[in-house]
Amino acid sequence: MRKPVSRILIINDEKLILKEFIKGLNNAAKSIENPLGLVFSGVTTAQEALHSIQQDGDIQAVIADDTLYTLRNHGQKARDLQMTALELVQKISHFRPELNIYILIAQEQEGEVVDALFSETVDGYFYREERDYRGMYRILNAQLQEKTHTPFYDQLKKYVLMAKDAWHTPGHSSGDSLRDSPWVGDFYEFIGEHIFRADLSVSVPLLDSLMEPTGVIAEAQKIAAKAFGSQRTYFATNGTSTANKVIFQTLLAPGDKLILDRNCHKSIHHGVVLSGAHPVYLNSSVNKKFHIYGPVSKKTLFEAIDEHNDAQALILTSCTYDGLRYDLPPIIQAAHARGIKVIIDEAWYGFARFHPDFRPTALEAGADYATQSTHKVLSAFSQSSMIHVNDPDFNEHLFRENFNMHTSTSPQYSMIASLDVARKQIVLEGYKLLSRTLELANELRAQINATGVFQVLELSELLSDEVKHDNILLDPTKVTIDISRCGLTIEELIKELFERFNIQVEKSTFNTLTLLLTIGTTRSKVSRLYDALMRIARENRSLRRFYQTVEIPVFTELGYLPRDAFYCNGELTPLLNEEEKINLNLSGRICADQITPYPPGIPVLVPGQIISQEIIHYIVSMLRSQKRIEIHGIVYDGYLPCLRLITATEEKKLIRLN
Ligand SMILES: Cc1ncc(COP(=O)(O)O)c(C=O)c1O
């Protein structure tokens, strides 16, 4: 493993003093143990400091003089104020909140400076005249060590190295059941020894408990909370799918109103059923040319917040799968003004705090809860997510009960360790890696456009007219490409990329392809993709006719609460009759299941929803489509596709909403 470099930037306007500090601190670093590779360098102006912080991703901490001056003219004694420590600290922490900041003060100004900086995130003060370089070095090193500390991962590794005899679960007993097997020994070899050794049980007290953390898991979550700017952070090992459900069940009692965007992830619709909430669905914007579902318009949102000011919570997805980010601050403000809690599904946006181009994060914008699939965009194992909480009225006991309701009593410890490690990485090298990812995303976007055939969709092309003026932003690491001029259908293109060029993409619509860049994207991968697209473009195929998939119909009203409808036995009713004609008797009936064509994974029906003719036509057209589309929720009675509908007798027992 390469040794890390941790650059510490000193900002002092007096060149001689600056030189002394750099020399003294570097000497201290050389003469004391320095595992984190601390090196000290300096600048004399605030401007240079901000420039260095922007350019150099290896900077981990800053030591700034309490006040910075510039000599007015060479040789003259008069000095102009460059920037106060307060302004500088605010600028630095706005740009890179993960940096440690220290202030050099003169004894006589101590009270004044400390008072001014009281509300800012300053990690410590040093007296300028003391010049205790070894003491300073030790403090800086120790505080940086705290960030590099991964309490759970460290303990897991330590425990594995203790090589205790296991008289507990899991049954593979550190892999011993597999290792010498002539039948399954290959699995042990393929997956690797340490995965098995680190797969331990809640019976090991040294590893704490995810369901009642008081030791290394609690410590790891506390460090994560500091890193992500939350009051509390919880590690979830069942993905954001479960994280969303836990929050719903904490905030919503059966019948409580929840405002939500219709194109939210299916886990949110499931959460509505589990919590018994009364959902107020908001139609999201649709880009009809590319079949991309975007944010709900601000107008719709503000109207819903006004009309349903009795709602308990509002949940929005930001950014969306395609990288569209809401202008969250005014929306959250409007919701809070009416006492509505705000949950933001940041499944695709867990890295955002660590580069200014992606901020504000949901929490920075004022959200009460944010759920993040750390595994989707950072270095955690699949299913590893985080729940961040900033709700001033947070009911920890209730949350814990619901968290435990959804958490396996045998969580996978490698996943918890990976969350600990993913946090460490994004804090220490996130800015640097995200700067590189952004650079690669911009290069890739330009290269794709240079093919002359494939075209990257920019924000203005992704948004539909109704949300054009809603201050929506685009996360450029999600790259959506118009493929309609390449002469291949989307299925053919995906197959060509996979079979001929070894490339697997993220997702598609009938005329677009979406690629995801992450902190793991390499320049080689970018060039291989560019090469593939350029070759396909140069093959000059004649244009293909694109058969647009039918547009998802608008959401109809709810007849009953989704939970009430879901728990009915219902009856299976065919969508088509014996002559393969559409069964028009379904219109006006109530669906008991969630019916979701995948892709795109947005339900056309939720439990309790009134079925319209338009919806039946849509589902049948999907079933008849030549493109293979899964439709989750359809039941086959023999060869007949059916919906599970509420019976007339069941309806009589339920409370009608509409
Ligand atoms: C917006 C959104 N929320 C939540 C999820 C669920 O996340 P996870 O896969 O971590 O369960 C997804 C998954 O694709 C998603 O797109």
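Every number for a ligand or one of its atoms is a count from 1 in the order of the listing. Predicted model, so just to flag it, every value in this text is computed and none were measured.
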Checklist entry - So, R445 side chain and V456 main chain: donor-acceptor pair closer than 3.5 Å or not? => result no
Does ligand 1 have any N/O atom under 3.5 Å from a protein N/O, and what are those pairs and their distances?
residue	atom	partner	partner atom	Å
ligand 1	3 (N)	D345	OD1	3.2
ligand 1	3 (N)	D345	OD2	2.6
ligand 1	7 (O)	S373	OG	3.3
ligand 1	9 (O)	K376	NZ	3.2
ligand 1	10 (O)	T240	N	2.8
ligand 1	10 (O)	S373	OG	2.8
ligand 1	10 (O)	H375	NE2	2.7
ligand 1	11 (O)	T240	N	3.2
ligand 1	11 (O)	S241	N	2.9
ligand 1	11 (O)	S241	OG	2.5
ligand 1	14 (O)	K376	NZ	3.0
ligand 1	16 (O)	W348	NE1	2.7

Next on the checklist: Angle between ring planes, Y431 versus H355, binned at 30° and 60°: parallel, tilted or perpendicular?
Outcome noted: parallel
Next on the checklist: Angle between ring planes, F399 versus Y234, binned at 30° and 60°: parallel, tilted or perpendicular?
Outcome noted: tilted
Checklist entry - What's the shortest heavy-atom distance between P597 and V604, and which atoms? => result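 For P597 and V604, the tightest heavy-atom pair comes out as CD-CG2, 4.1 Å.
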Checklist entry - Does a donor on one side chain and an acceptor on the other come within less than 3.5 Å for D368 and H336? => result yes
Checklist entry - Between Q412 and Q383, does any side-chain donor sit less than 3.5 Å from a side-chain acceptor? => result no
